[in-house]
Amino acid sequence: MPQAVVFDLDYTLAVPRRDRTTILEAATDAAGAPDLSRADYLEAHRRNLTGETREPIFAELLENRDTEAEPAELAEAYRDEIAADLRALPGVESMLTELGERYRIGLLTNGPVLAQRDKLRTLGWEEAFDAALVTGELEAGKPDVRAFEAIADELGVDPERAVYVGDEVEADVEGATDAGMTAIQILLEDGPDPDPRAAAHVRQETVATAIPAAITELESAGDS
């Protein structure tokens with residue numbers, strides 16, 4: 001029987017109004033930086049999961065580029081664009097409250113500390129979880145099992161008694177199941193196919209109602 005439900009943040013509980021490529025373009029314009037591709041940004045992000053800010057990410061992307069743009073200014077511009085754009089998926093706050101009456105509720109999100117904590121402040125979710133960890137605060141980011149063990153420890157539960165909900169196959173489904181958690185995969189319209197390692201698959205637009213139902217089904221399966 002699960003004792004805790006742990007969530008990813010981006011594209012699992014909250015989404016930007018604009019696509020991330022447009023947001024990156026707006027940030028580079030604001031900081032006077034050259035065009036940067038979303039694909040290159042994601043690669044640099046994966047190599048910089050345990051920092052305080054996005055500055056190392058943008059320092060890597062601007063290296064050897066003919067520009068006077070400063071990585072710190074670009075990181076701040078990108079953070080401002082995200083904060084202005086972020087919104088919770090419909091019904092998520094009520095879902096967290098509902099689940100919190102039965103389980104310990106956690107958050108484990110990849111990214112720099114300042115960026116991800118700023119998102120929680122923007123959403124008004126600083127007190128929404130029993131424990132919330134940003135990988136920038138940890139020794140390793142998802143999918144490293146140490147990240148999942150850290151949030152389980154913060155929640156005071158064994159990983160085997162926790163359900164992890166996230167949209168990325170490698171970072172979320174693979175990482176959680178390798179750590180012994182049960183995974184629920186959030187399916188995006190243009191995202192990866194359902195992964196067989198996940199115990200359930202939920203469409204992003206139905207998160208608020210489908211996650212509680214999926215967890216109830218997992219409990220029922222455990223009782224049978």
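All of these numbers come straight from a predicted model, not from anything done at the bench.
When side chains are defined from C-beta on, Thr216 counts as touching Arg102, because their heavy atoms get closer than 4.5 Å. Looking at Glu168 and Val173, their side chains never come closer than 4.5 Å, going by heavy atoms from C-beta outward. Leu86 places a side-chain heavy atom less than 4.5 Å from the side chain of Leu123. With a 4.5 Å cut-off on side-chain heavy atoms, Gln185 and Val165 do not count as touching. The closest side-chain heavy-atom distance from Thr12 to Val207 is not below 4.5 Å. Between Ile211 and Ile184 there is a side-chain heavy-atom pair separated by less than 4.5 Å. Side-chain contact between Gln204 and Glu189 is absent, with no heavy atoms from C-beta onward closer than 4.5 Å. By the 4.5 Å heavy-atom criterion applied to side chains, Val113 and Thr53 are not counted as neighbours.
Each of Thr28, Asp66, Leu62 was checked for a side-chain contact (heavy atoms from CB on, under 4.5 Å) with Pro34, and the lone residue meeting it is Leu62. A salt bridge (Lys or Arg N to Asp or Glu O under 4.0 Å) with Lys142 is found for exactly one of Asp178, Asp8, Asp167, namely Asp8. Checking each of Leu138, Asp153, Leu155 against Leu133 for a side-chain contact (heavy atoms from CB on, under 4.5 Å) leaves exactly one that passes, namely Leu138.
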Using the rule given for side chain to side chain contact (heavy atoms under 4.5 Å, CB included), can you reason through Leu120 versus Gln116, listing the C-alpha separation, both sets of side-chain angles and the distance that settles it, and then say yes or no?
CA-CA 7 Å; Leu120 293 178; Gln116 298 304 91; over 6 Å; no
One pair to check against salt bridge (charged side-chain N to carboxylate O under 4.0 Å, His left out): Asp85 and Arg18. What are the steps and the verdict?
CA-CA 7 Å; Asp85 234 50; Arg18 296 172 293 172; 2.9 Å; yes
For Thr21 and Ile23: C-alpha separation, side-chain torsions, deciding distance, then whether side chain to side chain contact (heavy atoms under 4.5 Å, CB included) applies.
CA-CA 5 Å; Thr21 297; Ile23 293 172; over 6 Å; no
Worked check of side chain to side chain contact (heavy atoms under 4.5 Å, CB included) between Asn110 and Leu9
CA-CA 8 Å; Asn110 266 353; Leu9 177 58; over 6 Å; no
Stepwise side chain to side chain contact (heavy atoms under 4.5 Å, CB included) check, Val5 with Phe7
CA-CA 7 Å; Val5 184; Phe7 291 90; 3.6 Å; yes
Verdict with reasoning, Glu126 to Arg117, per salt bridge (charged side-chain N to carboxylate O under 4.0 Å, His left out)
CA-CA 8 Å; Glu126 293 173 287; Arg117 292 290 178 191; over 6 Å; no
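Within 6.0 Å of CZ on Arg203 lie no more than 12 heavy atoms contributed by other residues, nucleotides or ligands. Within a 6.0 Å sphere centred on CD of Glu170, heavy atoms belonging to other residues, nucleotides or ligands number 12 at most.
Contact between Ala131 and Glu154 at its shortest, heavy atoms only, is CB-CB, 3.7 Å. Considering every non-hydrogen atom in both Gly32 and Ala69, the closest pair reads O-CB, 3.8 Å. Closest of all the heavy-atom pairs between Glu219 and Pro2 is CG-CD, 3.7 Å. Nearest heavy-atom pair across Leu96 and Ala128 is CD1-CB, 4.4 Å. The two atoms that bring Phe148 and Met181 nearest to each other are O-CE, 3.4 Å, heavy atoms only. Pairing each heavy atom of Pro112 with each of Ile57, the nearest pair is CG-CD1, 4.4 Å.
Proximity of the aromatic rings of Phe58 and Tyr41 is defined here by a centroid distance below 6.0 angstrom, and this criterion is met.
In this structure a side-chain-to-backbone donor-acceptor pair under 3.5 Å is present from Tyr164 to Leu108. A donor-acceptor contact shorter than 3.5 Å links the side chain of Arg65 to the backbone of Asp35. Not one N or O on the side chain of Asp144 forms a donor-acceptor pair closer than 3.5 Å with the backbone of Ala140. At least one donor-acceptor pair under 3.5 Å links the side chain of His201 to the backbone N or O of Asp195. In this structure, the side chain of Thr206 does not engage the main chain of Val202 through any donor-acceptor pair within 3.5 Å. With hydrogens and angles disregarded, no donor-acceptor distance shorter than 3.5 Å links the side chain of Glu43 to the backbone of Asp40.
Tyr78 and Tyr11 fall into different hydrophobic clusters, where Ile, Leu, Val, Met, Phe, Trp and Tyr residues are linked whenever their side-chain heavy atoms come under 4.5 Å apart, directly or through other members. Under the 4.5 Å side-chain heavy-atom criterion for grouping Ile, Leu, Val, Met, Phe, Trp and Tyr, Leu49 is not connected to Val169 through any hydrophobic cluster. A continuous path of hydrophobic side-chain contacts links Phe129 to Leu99 [ILVMFWY only; heavy atoms under 4.5 Å]. Under the 4.5 Å side-chain heavy-atom criterion for grouping Ile, Leu, Val, Met, Phe, Trp and Tyr, Val163 is connected to Met95 within one hydrophobic cluster. One hydrophobic cluster holds both Leu218 and Tyr103 under the rule that ILVMFWY side chains link at heavy-atom gaps under 4.5 Å.
Under the 4.0 Å criterion applied to side-chain N and carboxylate O atoms, Lys119 and Asp10 are assigned as salt-bridge partners. Here Asp130 pairs with Arg104 in a salt bridge; the nearest charged N to carboxylate O distance falls below 4.0 Å. Contact check on Glu149 versus Arg146 returns no salt bridge, with no Lys/Arg side-chain nitrogen under 4.0 Å from an Asp/Glu carboxylate oxygen. Under 4.0 Å is where a charged nitrogen must lie from a carboxylate oxygen, and between Glu55 and Arg79 no such pair does.
Between the side chains of Gln3 and Asp158, no donor-acceptor pair of N or O atoms lies under 3.5 Å.
Residue Ser37 holds its OG atom at 7.5 Å from CG of Leu61, rounded to the nearest 0.5 Å.
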